[in-house]
Amino acid sequence: MSDLQSIHASAWIAPSAQIYGKVAIARDASVWHNAVMRAECEEIAIGRMSNIQDFVMIHVGFAAPTRIGEFCSITHHATVHGCTIEDQCLIGINAVVMDGAVIGRGSIVAGGAVVREGSVFAPGSIIAGVPAKAVAQRDSARANRLNAWQYFHNAQRTRLGDQRAWTGSEYAAWLAKKRAEIESDADL
């Protein structure tokens with residue numbers, strides 16, 4: 001870790017993740033296998049309880065930092081470049097979000113979508129297509145928080161060497177309890 005980086009001690013970082021430049025990773029976040037973050041200029045900030053999944057690429061623009069809020073899931077193979085992802089969002093598998101774009105709180109970017117430079121989406125948007133457009137409005141904050149909690153659970157178990165964190169009766173009980181907490185916002 002360089003002196004430019006601020007990675008909270010509770011964050012789980014996979015050994016194969018690569019992090020370069022000015023990067024801040026908040027409490028209880030996770031960065032999964034083969035994810036890459038580069039911030040040669042500007043900065044990258046990853047919020048509390050967010051997860052950066054396998055093979056994600058996060059980079060900055062020349063004049064645009066990358067900011068990912070709390071309880072976000074940036075899923076496998078996504079590219080996030082010089083943009084803002086507000087709290088409780090999910091960026092789908094192989095989606096691309098480009099410089100200056102803003103994804104509003106509680107939104108979902110569908111897998112394979114390409115969000116063009118400077119695009120701004122309201123909170124609770126369902127965003128899909130190439131180029132991406134808002135195709136529906138629905139506040140997905142709670143569903144997205146559940147996904148973030150599942151990755152938090154997975155990271156905690158992985159830290160202990162358990163590669164099967166999402167199976168068995170113990171997990172089923174944990175998941176049911178967490179769903180109930182989220183439904184009443186008691187998890188916040």
Side-chain angles (χ1 to χ4, degrees), residues 6-14 17 19 23-33 35 37 43-58 65-97 101-111 113 115 120-128 132 134 136-159 165-166 171 173-188:
S6 172
I7 300 174
H8 195 277
S10 65
W12 183 77
I13 311 296
I19 302 170
V23 178
I25 300 174
R27 178 171 56 95
D28 298 327
S30 58
V31 180
W32 291 83
H33 311 286
M37 295 183 209
E43 66 181 346
I44 295 169
I46 309 298
R48 177 177 70 94
M49 289 290 294
S50 287
N51 58 89
I52 309 304
Q53 296 176 19
D54 313 65
F55 295 99
V56 166
M57 175 64 200
I58 300 176
T66 299
R67 301 193 189 289
I68 296 171
E70 297 185 349
F71 290 96
C72 289
S73 294
I74 312 301
T75 68
H76 316 289
H77 288 276
T79 298
V80 177
H81 198 282
C83 59
T84 298
I85 312 294
E86 293 182 352
D87 294 343
Q88 302 171 41
C89 287
L90 185 141
I91 308 303
I93 292 172
N94 216 32
V96 176
V97 184
V102 177
I103 307 300
R105 180 196 169 280
S107 293
I108 293 175
V109 175
V115 177
V120 177
F121 292 94
S125 293
I126 306 298
I127 303 158
Q137 284 296 123
R138 178 182 74 227
D139 186 355
S140 299
R142 287 185 174 134
N144 295 344
R145 277 202 331 264
L146 178 60
N147 193 78
W149 275 109
Q150 288 175 289
Y151 266 84
F152 171 78
H153 177 79
N154 197 12
Q156 298 298 0
R157 300 302 299 213
T158 299
R159 193 185 303 256
W166 293 338
Y171 173 69
W174 175 88
L175 187 60
K177 181 180 177 196
K178 191 56 66 181
R179 276 193 176 113
E181 288 175 5
I182 289 169
E183 192 55 37
S184 66
D185 294 329
D187 65 308
L188 293 175

Looking only at heavy atoms, what is the nearest atom pair of [X] and [Y], with distance?
X: Gly82; Y: Thr66; result: N-OG1, 2.8 Å
X: Ala165; Y: His153; result: O-NE2, 3.3 Å
X: Ala148; Y: Asn51; result: CA-ND2, 3.6 Å
X: Cys89; Y: Gly104; result: SG-O, 3.1 Å
X: Phe121; Y: Ala134; result: CE2-N, 3.5 Å
X: Ile74; Y: Val56; result: O-CG2, 3.5 Å

Please check: side-chain N/O of [X] versus main-chain N/O of [Y], any donor-acceptor pairing under 3.5 Å?
X: Thr75; Y: Ile93; value: yes
X: Asn144; Y: Gln88; value: yes
X: Arg142; Y: Ile182; value: yes

With sequence neighbours excluded, what pairs up with [X] under the side chain to side chain donor-acceptor pair (under 3.5 Å) test?
X: His76; answer: Gln53, Asp54
X: Gln156; answer: none
X: Arg159; answer: none
X: Ser125; answer: Gln137

Are [X] and [Y] side-chain neighbours, meaning at least one heavy-atom pair lies under 4.5 Å?
X: Val23; Y: Ile58; result: no
X: Leu175; Y: Arg179; result: yes
X: Val109; Y: Ile85; result: no
X: Ile52; Y: Ile68; result: yes
X: Arg105; Y: Asp139; result: yes
X: Cys83; Y: Ile103; result: no

Please report the interatomic distance [atom1]([X]) to [atom2]([Y]), rounded to the nearest 0.5 Å.
X: Lys178; Y: Arg145; atom1: NZ; atom2: CZ; value: 10.0 Å
X: Ser10; Y: Asp28; atom1: OG; atom2: CG; value: 4.0 Å
X: Asn154; Y: Trp32; atom1: CG; atom2: CH2; value: 3.5 Å
X: Ser30; Y: Ile25; atom1: OG; atom2: CD1; value: 9.5 Å
X: Leu90; Y: Cys72; atom1: CG; atom2: SG; value: 8.5 Å
X: Met49; Y: Asn147; atom1: CE; atom2: CG; value: 10.5 Å

Parallel, tilted or perpendicular, as decided by the 30° and 60° cut-offs, for the rings of Tyr151 and Trp166: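 Perpendicular, since the angle between the ring planes exceeds 60°.
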side-chain contact (heavy atoms from CB on, under 4.5 Å) between Arg48 and Arg27, worked out: CA-CA 5 Å; Arg48 177 177 70 94; Arg27 178 171 56 95; 2.9 Å; yes
Worked verdict on Thr79 versus His81 for side chain to side chain donor-acceptor pair (under 3.5 Å): CA-CA 6 Å; Thr79 298; His81 198 282; over 6 Å; no
Ring pair (Phe, Tyr, Trp, His ring centres under 6.0 Å) partners for Phe152, two or more places apart: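 For Phe152 the ring pair (Phe, Tyr, Trp, His ring centres under 6.0 Å) partners, ignoring immediate neighbours, are Trp149.
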Within residues 80-96 or reaching into it, pairs that qualify as salt bridge (charged side-chain N to carboxylate O under 4.0 Å, His left out) - sequence neighbours excluded: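 Of all non-adjacent pairs touching residues 80-96, none passes salt bridge (charged side-chain N to carboxylate O under 4.0 Å, His left out).
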